[in-house]
Amino acid sequence: MNRDLLLSICGPLRDALTRTRYDIDSIVDLLGVDAHAALGRYEPVPVRRASENGGELGQLVRLFLLGDDCPAADVATALRPLDLDAAVAAGLLSRDNDTVRAELDLRPLDLGSGNRWTLADLDGAMRPRESGDDHVIGVGEASLSLLRGTPTRPVGTVLDVGTGCGIQALRAADYAGKVTVTDINPRALALTAATAALNGLDFEILEGSWFEPVSGRRFDQVVANPPFVVGEARVTHTYRDSGLNLDGASELMISGAVDYLEPCGTAALLASWLHVDGEDWRQRVASWLPAHGIDAWIVQRDVADPALYVGTWLRDGGSDPRDPAVEARANAWLDHLEGADVVGIGFGFVYLRRTDAPSDILCEDLRHGFDDPLGDEALAYFDRLAWLRDNDVLSARFEVRTETALERVYLPDEDGWRQVVARVHRGHGPRWQHEVDDLAAALLAGMRPNGLPLEDLVTLLACAHDEDEESLAATAVLLVHSLVRHGLIEPA
């Protein structure tokens, strides 16, 4: 790929895409809801039928979204003012006599601020294709998860580590004054530069491994969807393999990001970690962070057993698990995991905020359904944590948030109904639940906007139920800290 040639066609290509209305809304209008849904399922036939009489936009849908072989004359008309020969020379298309085919994935996206376009390498979704060693992955589920999970409040500077096709940087351009990207793969940087140019943006693009290109610098926000695949210390695909053993890439990313944050700066990262037999995964991940200067909220979204994990990533690279060579690779991978006593691989989000206080690290499961966006929730979590650090909860007043519900569960017994559990749960966002006893429920019932401080509520509750006030106060402080962290109650 010639980076300069690719950049040289971005202006006329943008004009063509704008003229033909190659954007999400127009494509949905052309295809209809059902055919567009089929496109998302990688089923080409309904899309091909729906776009057949779609004019120039339909031609671009078949060229770039279906990967069809298309008549050169029709493509030349659809792409004007971009010269067809220039598009071939730049590597966007290939030509065989009167037929052309897309050689890059070019698709529209709406990231929340209007239409954008991304350039990446083609995968095997629509037609069989093996991924090369320097394959640049497009916008996959992991990328979309990070997009939905990244805080987007305005900041001055953003660093995107391991940018790939530049999708995270593309989103960051909407809320950051300056975007810096790094990647070890020159092909990824070329495609990121083209993506930026195609959208009329300007990124600082630096080649190098991990944080090396920005050594000594700090940023208001760091984002990363790094090559976090857990396996042997080898690289077969740069977009997923780090060359570090097991979960070493996640350890490097999580521990290293701290040093590149400005005071009060935040990081939003995707990561994987091992579940080792006899070891708590939370202690493993927490050990990667310093004892001072960082608040961390680490949420585990999924855990895969080793066989499922290995099979998924082999298929992701276009490998056929029935191929004897692939079978040998799978066995070697599983042997490596088994040798490290790995019983599962966890995956999730890591949120960091730089502070000047002792580190506060919370690792927890979030495998139930919840409402996005987690990015806003992460910022709110850090704000709540800062409040707890700076205030004496016993002297503070609290109120139960309007979205918080008290639920009691009863089961039948010989005397009628027997309560088996009571819990409060948050009705939006991460939908956290906390089990409570009757004393805790009574304490929460006393929390009002103009009510008593917590210490006075504890005194009244201790007297009413003949409880030891000092012991009850200690329990109440722990409860309040947990409920404030998770946003079920808040300072009044």
Side-chain angles (χ1 to χ4, degrees), residues 10-11 13-43 46-47 50-51 54-67 78-79 102 104-123 125-126 136-155 158 160 163-176 179 181 191-203 221 223 225 268 270 349 371-377:
C10 286
L13 177 58
R14 179 172 64 249
D15 292 342
L17 299 179
T18 302
R19 179 181 56 77
T20 57
R21 298 181 62 202
Y22 186 67
D23 57 63
I24 289 293
D25 290 341
S26 299
I27 290 173
V28 172
D29 288 343
L30 171 67
L31 300 180
V33 174
D34 292 340
H36 188 259
L39 179 64
R41 298 191 303 268
Y42 308 114
E43 297 174 6
V47 183
S51 62
E56 294 178 350
L57 177 58
Q59 181 64 72
L60 295 186
V61 167
R62 293 191 295 279
L63 177 69
F64 290 119
L65 300 184
L66 294 182
L79 285 180
L104 292 175
D105 183 289
L106 170 57
R107 64 185 56 239
L109 290 168
D110 188 343
L111 305 178
S113 57
N115 189 73
R116 302 283 198 189
W117 297 288
T118 61
L119 278 165
D121 278 326
L122 294 168
D123 58 23
M126 285 300 183
V136 180
I137 193 170
V139 183
E141 284 303 314
S143 297
L144 292 173
S145 294
L146 184 57
L147 283 173
R148 291 190 293 265
T150 298
T152 56
R153 53 91 173 91
V155 295
V158 167
D160 177 14
T163 189
C165 70
I167 184 62
Q168 306 302 326
L170 198 59
R171 181 67 178 100
D174 293 327
Y175 62 83
V179 179
V181 306
L191 288 171
T192 293
T195 290
L198 196 56
N199 291 280
L201 300 171
D202 183 26
F203 302 153
Q221 186 154 298
V223 297
N225 177 14
L270 288 181
F349 297 96
D371 299 329
D372 277 331
L374 263 191
D376 291 342
E377 183 66 28

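Counting only distance, with no hydrogens or angles, the side chain of W117 and the backbone of R14 share no donor-acceptor pair below 3.5 Å. Counting only distance, with no hydrogens or angles, the side chain of T20 and the backbone of L57 share no donor-acceptor pair below 3.5 Å. Remark: the backbone N or O of T150 is not paired with any side-chain donor or acceptor of Q221 at under 3.5 angstrom.
Applying the salt bridge (Lys or Arg N to Asp or Glu O under 4.0 Å) rule to R107 yields the partners D105; only residues at least two apart in sequence or on another chain are considered. Annotation: side chain to side chain contact (heavy atoms under 4.5 Å, CB included) contacts of S143 (sequence neighbours excluded): V139, I167, Q168, N225. Listed by chain and number, the residues in a side chain to side chain contact (heavy atoms under 4.5 Å, CB included) with A169 are D160, T163, V179, V181, F203 (sequence neighbours excluded). Under the rule for a salt bridge (Lys or Arg N to Asp or Glu O under 4.0 Å), the partners of D174 that lie at least two apart in sequence or sit in another chain are R116, R171. Every residue two or more places apart in sequence or in another chain that forms a side chain to side chain contact (heavy atoms under 4.5 Å, CB included) with R19 is listed here: E56, R80.
Applying the salt bridge (charged side-chain N to carboxylate O under 4.0 Å, His left out) test to every pair with at least one member in residues 20-35, sequence neighbours left out, gives no pairs at all.
Residues T195 and L170 have side chains in contact (heavy-atom distance under 4.5 Å, counting atoms from C-beta outward). Looking only at side-chain heavy atoms (C-beta outward), Y22 and L65 come within less than 4.5 Å of each other. Side-chain contact check for N199 versus T118: every heavy-atom pair is 4.5 Å or farther apart.
Tested against L31 for a side-chain contact (heavy atoms from CB on, under 4.5 Å), the candidates S51, S26, P46 yield a single pass: S51.
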